[in-house]
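Working notes, beginning with the structure itself.
What's counted below: heavy atoms across the whole structure, side chains too, no hydrogens, waters or symmetry copies. First listed ligand is number 1; within each ligand, the first listed atom is number 1.
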Amino acid sequence: MTVTTRKINFSLNGEPVAADIGNHQNVVELLNKFDLCGARESCGQGLCGCCTVLVDGVAVSGCLQLAAMVDGKNVCTVEGLDQSGQLDPIQQAFIESGAFQCGFCTPGFVLMTKQLLDRHPDPDDEQIRSFLSGNLCRCAAYPEILKAVHLASQRRKSAVAA
Ligand code: FES
Ligand code: FES
């Protein structure tokens, strides 16, 4: 079998990078080439959200998105959220709220929460549940995740007001 490859150039967590990829490879496989494993392939069918990454600020399922489609785009993973070693307020809020057990789903929830708060800085419970409905947590940490999103929202608003 012949595997067709190509070279792509894109921005990964703010850094310009290049990669040789197979045309069949998805974004999770692409990220693994850079030793980034926050986006995890779980269901492989676009159903669980464990593989979530932001492409040009929009959340996509890395298991379904072909790597070739991020050529020339900005890719943000959970590893790119901290600022100079300081955790992003969303990451901090998840820790303080105990919003995970095994943590397998957490990178996806954190990135979806970022997209939610970028669009709706002060979401209510219904908006949060609706927005995060595509992310599944097998440990059922949902009540704590809800708390974490509200806490992150407050922290972001305080930072803007300061
Ligand atoms: S692994 Fe991509 S949505 Fe489940
Ligand atoms: S914390 Fe285990 S799957 Fe969500």
Side-chain angles (χ1 to χ4, degrees), residues 3 5-6 8 10-13 17 19 21-82 87-120 123-156:
V3 176
T5 61
R6 69 172 70 190
I8 60 171
F10 62 106
S11 165
L12 179 56
N13 295 327
V17 293
I21 54 151
N23 282 350
H24 64 288
Q25 290 187 304
N26 66 26
V27 168
V28 175
E29 292 171 300
L30 171 65
L31 295 173
N32 288 341
K33 290 177 187 286
F34 294 90
D35 294 327
L36 298 180
C37 51
R40 294 149 181 165
E41 189 154 336
S42 180
C43 71
Q45 299 180 347
L47 300 173
C48 73
C50 286
C51 60
T52 301
V53 297
L54 302 180
V55 177
D56 286 348
V58 177
V60 303
S61 295
C63 69
L64 296 182
Q65 181 105 40
L66 284 172
M69 296 182 74
V70 304
D71 194 12
K73 306 222 164 145
N74 297 299
V75 176
C76 173
T77 72
V78 73
E79 292 91 347
L81 288 186
D82 71 284
L87 289 178
D88 184 273
I90 299 170
Q91 293 171 302
Q92 193 63 42
F94 269 67
I95 292 170
E96 290 179 29
S97 304
F100 51 85
Q101 290 183 44
C102 75
F104 201 82
C105 67
T106 310
F109 271 103
V110 166
L111 288 170
M112 280 305 288
T113 299
K114 175 170 167 45
Q115 184 173 310
L116 168 65
L117 296 181
D118 286 347
R119 294 183 183 182
H120 306 284
D124 60 26
D125 285 358
E126 197 173 326
Q127 282 175 305
I128 297 170
R129 288 198 182 96
S130 169
F131 209 88
L132 300 183
S133 61
N135 291 69
L136 304 182
C137 176
R138 288 159 182 78
C139 300
Y142 297 111
E144 291 79 14
I145 290 169
L146 203 60
K147 275 188 217 159
V149 177
H150 283 300
L151 180 58
S153 165
Q154 287 165 13
R155 295 261 171 86
R156 281 168 55 125

Fill in: Vertex atom 4 (Fe) of ligand 2, rays to SG in Cys105 and SG in Cys137 - rounded to 10°
100°

Item to complete: Spell out the protein N/O/S atoms under 2.8 Å from atom 4 (Fe) of ligand 1 as residue plus atom name.
Response: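 Near atom 4 (Fe) of ligand 1, the protein supplies Cys43 SG, Cys48 SG.
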
Say you draw a straight line from [atom1] of [X] to [atom2] of [Y]; how long is it, rounded to the nearest 0.5 Å?
X      : Y      : atom1 : atom2 : answer
Ser42  : Leu136 : OG    : CG    : 8.5 Å
Met112 : Ile128 : CE    : CD1   : 12.5 Å
Gln127 : Arg119 : CD    : CZ    : 12.0 Å
Asn74  : Leu54  : CG    : CG    : 10.5 Å
Leu146 : Leu132 : CG    : CG    : 8.5 Å
Leu47  : Asn135 : CG    : CG    : 11.5 Å

Give the atom numbers and elements of ligand 2 that come within less than 4.0 Å of a heavy atom of [X].
X      : value
Cys102 : 1 (S), 2 (Fe), 3 (S)
Gln101 : 1 (S)
Arg138 : 3 (S)
Cys139 : 1 (S), 2 (Fe), 3 (S)
Phe100 : 1 (S)
Gly103 : 1 (S), 2 (Fe)

Discussion item. Could you check whether Arg156 pairs with Asp88 (Lys NZ or Arg NE/NH1/NH2 to Asp/Glu carboxylate O, under 4.0 Å)?
Written reply: no

Worksheet item: Listed by chain and number, what are the salt bridge (charged side-chain N to carboxylate O under 4.0 Å, His left out) partners of Asp82, not counting sequence neighbours?
Response: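 None.
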
Practice prompt. Any chance you could lay out the side-chain contact (heavy atoms from CB on, under 4.5 Å) test for Phe94 and Leu151, step after step, and finish with the verdict?
Written response: CA-CA 9 Å; Phe94 269 67; Leu151 180 58; over 6 Å; no

